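First the proteins, then the strands, lettered A, B, ... as listed; each starts at 1. None of these values were measured; they are calculated from a predicted model.
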Protein chains: 2
Amino acid sequence: MFSVYKRYAPTVCGRRTLPLIGQPQPERADAARNRRKIIEVAASMIAEHGADDISLDEVARVAGVGVGTVYRRFGDRAGLVLALIDDRERQFQESFLTGPPPLGPGAPAAERITAFLDALVGRVVAQQGLFAQLEKCGKTIRYSGPYRVHHVHLATLLAQACPNADPAFLADALLAPVNARLIAFQQEERGMTIGEIKAGLARLATVVTCGYGVPPGGSQR
Amino acid sequence: MFSVYKRYAPTVCGRRTLPLIGQPQPERADAARNRRKIIEVAASMIAEHGADDISLDEVARVAGVGVGTVYRRFGDRAGLVLALIDDRERQFQESFLTGPPPLGPGAPAAERITAFLDALVGRVVAQQGLFAQLEKCGKTIRYSGPYRVHHVHLATLLAQACPNADPAFLADALLAPVNARLIAFQQEERGMTIGEIKAGLARLATVVTCGYGVPPGGSQR
DNA sequence: AGGTTAATCGGAGTGTTCTCCGTTTACAAG
DNA sequence: CTTGTAAACGGAGAACACTCCGATTAACCT
């Protein structure tokens, strides 16, 4: 009755002769080969059928490995999804951390915020199915990995742009609408285009960065 | 391969002698009895073990009905969750549609917006587990039922408070952070209290309603 | 080479969600 | 009370997510 599934530690190796704590060694050759094969198969299955309905059993079968192998490599469905997201995500992070302005450093914080939200919408739309999967998965995962990086980045910019705000909360609040499922809903049922969504967020960000110039309670009507 | 589950139409009855379209008749006595029994059992199981791990098989077993019956009554897991949410939701809707100000009619729109978001956070927190379940379920459900009502209400108020904004988009954007899983994350990992979350939203709403006084582009720094 | 051993592997097994369909039942009309 | 029938019932069954564990193997050491 009730829950039963526990979580595998997504084994990340350790060589025998070096049991030094905190020194993860590279994967064994067969493990690395399987990881690549699984990712490759999963990616092509998603390209063909969409991300909604991938079964990990099926992925394992097509990849020619046991189910256990998939789970040992990636922990669970969310882990595999995260791995599929990883490539583009790394590129995206580079672009706002070290790329050219207005996304990267060099532009005023307010502009970077708008540029970041704009790019983030694009990012999510580019892998909408995968992000939607992520939101469906275990609670821990959703606010893991990419989300945390995005949050730190946005909160830092907000701290510069509006010194009287709570940047952590505000970053959560601005990140919340950039959500694969909400965006899909806005497109399908509200008839909005991606451009309109981006414009709406940009304006919201502008209003927010301007509006938080005054301390709490200072602008009460 | 890939998806297989189709969706039952959550049978809502129809009497034989009155096949008039659009005139749904009350449920048969046995059906109504089972619906009540299932809800009752599910509610008590959730009260005891939390909402995360209820198995519909288990609910069916304890309620003394077949699994098929559960699915015929409620469509799927999300449908049952929605039913469990329904009572309080109706009360909540009454309170902002016809209750006393500032939540109900009578107060200025800006105040009602703040009051509404405040109450909504309370609402979500009161059944956090169930709302979290809902977000995990099929995409159609998440933006169904309660969400749509909340959205219409908030968009209406926003249309009054900030005539230059896109109320539909803005309502989505303000509703997005009021999210069971985000709130849980903010509590657990950011160490925020519900009071702080409510305060943050209230301030955001104030800034937004004030900031959208000017047309798009008008307040560019 | 050959030995050692921890990491890896595969797949049978458990619990869950949801569907299908043959059987039963509530209820209205005669 | 009997009968007709749409609706409801139950539970076997298909597909899936994830776990467990005995067998296998890569890679380091002598």
Side-chain angles (χ1 to χ4, degrees), chain A residues 1-19 24-35 37-38 42 45 52-61 63-81 133 136-138 141, chain B residues 1-20 24-38 42 45 52-61 63-81 133 136-138 141:
Chain A
M1 53 155 71
F2 299 109
S3 177
V4 178
Y5 298 151
K6 267 169 268 161
R7 186 138 311 212
Y8 259 105
T11 314
V12 194
C13 261
R15 189 79 305 99
R16 172 170 50 93
T17 31
L18 261 191
Q25 297 292 307
E27 288 175 312
R28 241 168 63 169
D30 50 350
R33 198 184 327 124
N34 283 334
R35 154 170 275 126
K37 182 72 182 170
I38 290 165
M45 283 173 68
D52 284 355
D53 299 318
I54 47 163
S55 133
L56 297 213
D57 278 38
E58 179 80 359
V59 169
R61 219 176 46 68
V65 303
V67 199
T69 301
V70 175
Y71 283 90
R72 196 172 320 91
R73 284 300 121 230
F74 298 99
D76 61 4
R77 158 180 282 267
L80 179 54
V81 170
Q133 287 292 309
K136 180 153 79 179
C137 296
I141 290 299
Chain B
M1 58 153 71
F2 299 110
S3 178
V4 178
Y5 299 149
K6 266 168 269 161
R7 186 139 312 214
Y8 259 103
T11 314
V12 193
C13 260
R15 187 80 303 103
R16 171 168 50 94
T17 29
L18 260 188
L20 272 62
Q25 297 293 305
E27 289 176 313
R28 237 169 64 170
D30 50 350
R33 198 183 327 124
N34 283 334
R35 151 171 277 128
R36 278 194 306 273
K37 183 72 182 169
I38 290 165
M45 284 174 67
D52 285 354
D53 299 319
I54 48 163
S55 134
L56 297 213
D57 275 40
E58 179 80 359
V59 170
R61 217 175 46 68
V65 303
V67 201
T69 301
V70 175
Y71 283 90
R72 194 170 323 90
R73 283 300 122 229
F74 298 99
D76 62 3
R77 157 180 281 269
L80 178 55
V81 170
Q133 289 290 311
K136 181 153 78 178
C137 296
I141 290 299

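Judged by atom type and distance alone, A:R61 does not reach the base of C:dG10 through any side-chain donor-acceptor pair under 3.5 Å.
Rounded to a whole Å, the NZ atom of B:K37 is 17 Å from the C1' atom of D:dC9. Following rounding to the nearest Å, A:D76 (CG) and D:dC20 (P) show an atom-to-atom distance of 14 Å. Distance CZ (A:R73) to P (C:dA7): 11 Å, rounded to an integer number of Å. Atom CG in A:D53 sits roughly 13 Å away from atom P in C:dC18 (whole-Å rounding). If you take OH of A:Y71 and C1' of C:dG15, they are 13 Å apart, rounded to a whole angstrom. In this structure, CZ of B:R72 is placed 9 Å from C1' of D:dA7, rounded to the nearest angstrom. Counting to the nearest Å, the C1' atom of D:dA8 and the CD1 atom of B:I38 are 11 Å from each other. Distance, B:K136 NZ to C:dT17 P: 10 Å, rounded to whole Å.
With hydrogens and angles ignored, the 3.5 Å screen pairs a side-chain donor or acceptor of B:R77 with a backbone N or O of B:I54.
Shown are A:D76, A:V65, A:N34; of these, the side chain to side chain contact (heavy atoms under 4.5 Å, CB included) with A:V70 is made only by A:V65.
Closest-nucleotide positions on DNA chain D for B:D57 and A:D57 were compared, and the one nearer the 5' end corresponds to B:D57.
Between B:Q133 and B:V81, the closest heavy-atom pair is CB-CG2, 4.1 Å. In terms of heavy atoms, A:R73 sits closest to A:A31 at NH2-CB, 3.4 Å. Between B:L80 and B:F74 the shortest heavy-atom distance is N-CB, 3.7 Å.
Here C:dC18 is the nucleotide among D:dC9, D:dC18, C:dC18 with the atom lying nearest to any side-chain atom of B:L56. Minimum atom distance to the side chain of A:R77 is reached by D:dC18, of the listed C:dT8, C:dT17, D:dC18. Taking the side chain of A:V67 as heavy atoms from C-beta on, and the options C:dC9, D:dC9, C:dG11, the nearest nucleotide is C:dG11. Relative to the side chain of B:R28, the nucleotides D:dG10, C:dT8, D:dA8 differ in distance, and D:dA8 lies closest. Checking D:dC9, D:dG10, C:dA26 against every side-chain atom of B:A29, the shortest atom distance belongs to C:dA26. Closest to the side chain of A:T69, out of C:dT17, C:dC9, D:dA8, is C:dC9.
Nucleic acid contact class of B:G64 (heavy atoms, under 4.0 Å, all strands): sugar-phosphate only.
Taking side-chain N and O atoms only, B:S55 has no distance below 4.0 Å to OP1 or OP2 of C:dG15.
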